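Note that the structure is a prediction, hence the values are computed from the model and not measured. Here is the naming used below: chain letters follow the sequence lines, and residue numbers restart at 1 for every chain.
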Amino acid sequence: MLDRDGLDCGVLAGPAVEVAPRLLGSVVRRGRVAVRLTEVEAYQGALDPGSHAYRGRTPRNAVMFGEPGHLYTYFTYGMHTCANVVCAPGGTASAVLLRGGEVIEGADDARARRTTSRSPADLARGPALLATALGITLDDGGCDLAVGPVVLELREPAVAVASGPRTGVSGPGGDARFPWRFWIPGDPTVSPYRAHRPRRAPADASG
DNA sequence: ATTAAGATCAACT
DNA sequence: GTTGATCTTAATG
């Protein structure tokens with residue numbers, strides 16, 4: 001389990017809120033593209049109203065309930081794939097959402113996957129953009145991060161880490177009681193914070 | 001089978 | 001600041 005092919009699974013064995021800041025500065029690689037993580041969010045399984053695992057195990061989130069060191073992918077908003085690193089002891093369904101990073105290798109490949117991009121810093125600035133830059137799809141879900149095709153290379157954690165409420169999480173899991181978003185302060189590849197917005201009209205006036 | 005909502009991004013004003 | 005795009009998943013009948 002420990003030090004398996006360079007991926008020290010002991011680091012991933014703790015609670016997501018401890019693992020998440022520890023991953024800042026580490027590198028995710030797929031094919032020729034490598035991303036240095038600058039922004040992540042922790043999701044703590046059944047205890048976390050913001051987690052996909054909150055309402056129990058389903059076919060979609062089954063990977064989260066498995067062993068640490070695997071990739072949990074999901075598809076959202078009709079067009080976007082997002083990637084998580086499963087952590088904590090197996091069965092706790094905890095994971096760290098990879099929200100942003102700096103493309104340090106393979107920028108040409110990453111850019112080719114984008115229809116628009118204004119600057120190199122935008123290539124992986126946001127969870128869906130990060131997945132796109134690496135070419136991660138739903139088919140990569142469940143992959144062993146020590147073996148690939150998506151590989152996690154642990155590095156020395158970032159020294160400066162900021163934290164705050166999670167982005168895009170609706171309901172009770174998104175408020176300040178869960179300051180489980182972690183980022184490297186001042187880094188240009190951290191995604192802009194956007195509070196959750198309801199997608200339907202807030203209320204009808206004829207009420 | 002049908003419906004409602006989603007851990008978002010990009011374009012437009 | 002606001003709004004549209006677009007597909008998967010899970011819950012319900």
Task: Electrostatic pair A:Asp187-A:Arg36, nearest N-O below 4.0 angstrom - done: yes

Task: Residue whose nearest DNA chain C nucleotide is more 5′ - A:Met79 or A:Leu138 - done: A:Met79

Open item on the list: At less than 4.0 Å, is any side-chain N or O atom of A:Arg99 found next to OP1 or OP2 of B:dT8? Yes or no.
Closed with: yes

- [ ] Give one of base, sugar-phosphate or nothing for A:Arg60, where a contact means two heavy atoms less than 4.0 Å apart.
- [x] sugar-phosphate

Open item on the list: Under 4.0 Å between a side-chain nitrogen and a carboxylate oxygen: does that hold for A:Arg125 and A:Glu39?
Closed with: no

Task: Pairwise 5' ranking along DNA chain B for A:Ser170 and A:Thr116, keeping only the more 5' one - done: A:Ser170

Task: Ring-base stacking, A:Tyr77 with C:dA5 (5.5 Å, 30° cut-offs) - done: no

TODO: Could you let me know what B:dT8 is paired to, Watson-Crick or G-U wobble, both distances under 3.5 Å, or none if it's on its own?
DONE: C:dA5

- [ ] Could you state the atom-to-atom distance from CG of A:Asp122 to P of B:dA11 in whole Å?
- [x] 12 Å

Task: Carboxylate-amine/guanidinium contact A:Arg113 A:Asp108, below 4.0 Å - done: no

TODO: Round to the nearest Å and state the distance from A:Arg166 atom CZ to B:dA7 atom P.
DONE: 10 Å

- [ ] Report yes if at least one side-chain N or O of A:Arg194 is closer than 4.0 Å to OP1 or OP2 of B:dC9; otherwise report no.
- [x] yes

Open item on the list: I need the NE2-C1' distance between A:His80 and B:dA5, as an integer number of Å.
Closed with: 15 Å

TODO: Measure from the side chain of A:Ser51, starting at C-beta and using heavy atoms only, and say which of B:dA7, C:dA11, C:dT8 lies closest.
DONE: B:dA7

Task: Nucleotide forming a Watson-Crick or wobble pair with B:dT2, both distances under 3.5 Å - done: C:dA11

- [ ] Scan A:Ser51, A:Pro15, A:Cys87 and name whichever one has a side chain to side chain contact (heavy atoms under 4.5 Å, CB included) with A:Ser94.
- [x] A:Cys87

Task: Face-to-face stacking of A:Phe75 with C:dT8, centres under 5.5 angstrom, angle under 30° - done: no

TODO: Look at all strands and tell whether A:Arg181 reaches a base, only sugar-phosphate, or nothing, counting heavy atoms closer than 4.0 Å.
DONE: nothing

TODO: Please work out if A:Gly50 contacts a base, only the sugar-phosphate, or nothing of the nucleic acid, heavy-atom cut-off 4.0 Å.
DONE: base

TODO: Find the distance A:Arg57:CZ to C:dA10:P and express it as a whole number of Å.
DONE: 12 Å

Task: Interatomic distance, A:Tyr54 OH vs C:dA11 P [rounded to whole Å] - done: 14 Å

TODO: State which of B:dG6, B:dC9, C:dA10 makes the closest approach to the side chain of A:Thr76.
DONE: B:dG6

- [ ] Would you mind checking if A:Glu41 and A:Arg99 are paired as a salt bridge, meaning a charged N to carboxylate O distance below 4.0 Å?
- [x] yes

Task: Value in whole Å for how far the P atom of B:dA7 lies from CZ of A:Phe178 - done: 15 Å

Task: Which atom of A:Gly101 lies closest to which atom of A:Thr189, heavy atoms considered - done: O-CB, 3.2 Å

TODO: Quickly work out the A:Arg55 CZ to C:dA10 C1' distance and round it to whole Å.
DONE: 8 Å

Task: Between P of B:dA7 and CZ of A:Phe182, the distance in whole Å - done: 19 Å

